[in-house]
Amino acid sequence: MNNGFVKVAAATPKIKVGDCGYNGAQICKIIDEVYDNGAQLVVFPELCITGYTCSDLFWQKSMLDMAKTHLQFISEHCEDKEIVAIVGLPMIYRSKLYNVAAVIYDGEILGLVPKTYIPNYSEFYEARHFTSGKNKDGYVMIGEEEVPFGTEILFNCVNFENFSFAIEICEDLWVPNPPSTSHALAGATVIANLSASDETTGKDIYRTGLVSGQSARTLSAYIYADAGEGESTTDLVFAGHNIIAENGNILSQSKRFENQTIYADIDLDRLAAERAKMTTFIPDEELSYEEVEVELEPIDFEVERVIDNAPFVPSNTNEREKRCEEILSIQTMGLKKRLEHTNCKNAVVGISGGLDSTLALLVTARAFDKLNLDRKGIIAVTMPGFGTTDRTYTNAVSMIEKLGCTFKEVNISEATVLHMNQIEHDINIHDVTYENAQARQRTYLLMDFANEHNGMVIGTGDMSELALGWATYNGDHMSMYGVNAGVPKTLVRHLVKYFSDTCEDKELSDVLNDVLDTPVSPELLPPKDGKIAQKTEDLVGPYELHDFFLYYILRFGYTPTKIYFLAKMAFKGIYHKETILKWLKTFYRRFFSQQFKRSCLPDGPKVGTVAVSPRGDLRMPSDGCVREWMNQLENIE
């Protein structure tokens, strides 16, 4: 249900200090609101039933009794609701006062988790009232129920795959070794933090970093609920800074100084996939946690999480430009090292006037500059054939000239016709033999040019083409170093655009912009009316879809059903669901059947979190069967 997502909330009620009845009513009101909005876990601030700023009122038995009474009231209010609420209150246990979080579900109090680290510095003096819960475990009677008490309690939602949560309280996050580290190693995928963090200048930035960092280190979702308006302002102000993070990413964050309820859809599958893949995330078998089962039933809700339809490309302009420069640097340094190691002073690049070969040439030029080599050592070869158009040819020639490379031109038409005759293939039959003969002829020429000039053939093919097997085996599939092997097609475009935008040569920039405007094509079929007759995306599908599929298949190992679910959200209003399903089937078929091409790839640098190198990220059998994956897709209505 909901494809591995669960909706959670962090809420800051407006409270009255010491008025447990009022505060309990506000908490119940928010529980109803978040439940109506589809959330199934809501976290409230530290000591929210009484207020955090009660100070010596915490010693008043009347208030402690009222806090427990209204905890039971909140619990009864949650009966017959498929939602877990976590609230804070003070509680006596074995004659000492503890700052605890109470876990409530369906009319029951399932557990009490005390705060471990008690701050007693600067504006904090909690040790005046509270005792650390470290190494304190047992049971507390609330009404007629014995409730587990302790810091090492794991709450397992048995009807949700991968949904287990644990709790730490405020200061626990700020210490060198937060309890949530052990919680995660014990199996918690979600951490709840009930907090009352007062506001000082700049503290919000530090706080956000702590939440983000701890969720990343523990590969967990982190729900941080902060005290806000209503607390005493005798010496402090609380801003209600609520934060929800997932593996380092901030999913939702409240506006400070406004008591807000924030929501986020947690992807439990994503967390499980990260933990399974990360060999350094090692569950600690020696941890002794009490496990409490929560029979929370999943409910249908509309997933509102924004799914980026270009996961390889940052949407923020500044971040995108930074990413482009970083990737160009990785590609450049990879090639620089290979040229240095082989003592190679020349490079051979086939230039078609398309995006991939353009990027390869730009990277090669940067590498030569880094090595202080004359760009004349870059042998840029254009090889027009049956499908070459004037537009791509002109762009190729202009680009080579503007970059100061050595220009070579060999028309492959005559040699291809000869080859067709040799294998007794009718030149008028424009089939795969006709197309691949041209691609192999070009590679044959590049390799010979490399021998002639004691150079190295630089591969131009990108990662998206490799994923689909959209390359001619032993044709454009082969090179001596593939600088684009780790770059998806959707990112190739942005890299070329970035180079164009930052280039000082306006004429070169104009050429690059025209390359960007040219349809993606191998140009292996004769033009129609002088224009490109063969558009790649008409044949294999839109690269923006394939890159989306590639990202979620390799990065997280998601099922076809979940990828289809995510793609429908990401491309809503762009592609019909039938179109998405059609190309998803194409992707799976080609991805499995074409592994043999990836199994013998030339070297090339990894640039992002996804790569298809057989020596690195993708150790996949060439004979893997796609049937089970296709069966899932066939069963989608």
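All heavy atoms count here, side chains included; hydrogens, waters and symmetry mates do not.
Under the 4.0 Å criterion applied to side-chain N and carboxylate O atoms, Lys345 and Asp374 are not assigned as salt-bridge partners. Salt bridge status for Lys489 with Asp356: present, with a side-chain N to carboxylate O gap under 4.0 Å. Ion pairing of Lys376 with Glu401 is absent here, as no side-chain N (NZ or NE/NH1/NH2) approaches a carboxylate O to less than 4.0 Å. One finds no salt bridge joining Glu435 and Arg440 here, because no Lys/Arg side-chain nitrogen approaches an Asp/Glu carboxylate oxygen to under 4.0 Å. Of the charged side-chain nitrogens involved, none lies within less than 4.0 Å of a carboxylate oxygen, so that Glu452 and Lys408 do not count as a salt-bridged pair. Between Lys336 and Glu340 a salt bridge is recorded (basic side-chain N to carboxylate O distance below 4.0 Å). For the pair Asp476 and Arg442, the salt-bridge criterion is not met [side-chain N within less than 4.0 Å of a carboxylate O]. Between Lys402 and Asp505 there is no salt bridge, since no side-chain N of the basic residue sits under 4.0 Å from a carboxylate O of the acidic one. A salt bridge is absent between Lys337 and Asp603: the closest approach of a Lys/Arg side-chain nitrogen to an acidic carboxylate oxygen does not fall below 4.0 angstrom.
With Tyr552 as reference, Tyr558 is the one residue of Phe565, Tyr558, Phe587 to meet the ring pair (Phe, Tyr, Trp, His ring centres under 6.0 Å) rule.
Note that Arg598 lies in the cation-pi zone of Phe591, set by a 6.0 Å cut-off to the ring centre and a 45° limit from the axis.
In terms of heavy-atom proximity, Ile412 sits nearest to Gly385 at CG1-CA, 3.8 Å. Ala221 approaches Leu271 most closely through the heavy-atom pair N-CD1, 3.7 Å. Minimum interatomic distance between Lys497 and Leu516 (heavy atoms only, all atoms of both residues): CD-CD1, 3.6 Å.
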The test is ring pair (Phe, Tyr, Trp, His ring centres under 6.0 Å); show your working for Phe548 and Phe571 and say whether it passes. CA-CA 10 Å; Phe548 184 89; Phe571 292 98; 5.4 Å; yes
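Evaluation of the side chain to side chain contact (heavy atoms under 4.5 Å, CB included) rule for Lys277 yields no partner, not counting sequence neighbours.
For the 3.5 Å distance criterion, the side chains of Ser500 and Ser509 qualify, holding a donor opposite an acceptor. Glu544 and Asn309 share no donor-acceptor pair across their side chains, judged by distance under 3.5 Å alone. Using modelled atom types and a 3.5 Å distance limit, the side chains of Asn436 and Thr472 yield a donor-acceptor pair.
At a threshold of 4.5 Å between non-hydrogen side-chain atoms, the residues Leu361 and Cys405 count as touching. Looking at Asn474 and Thr443, their side chains never come closer than 4.5 Å, going by heavy atoms from C-beta outward.
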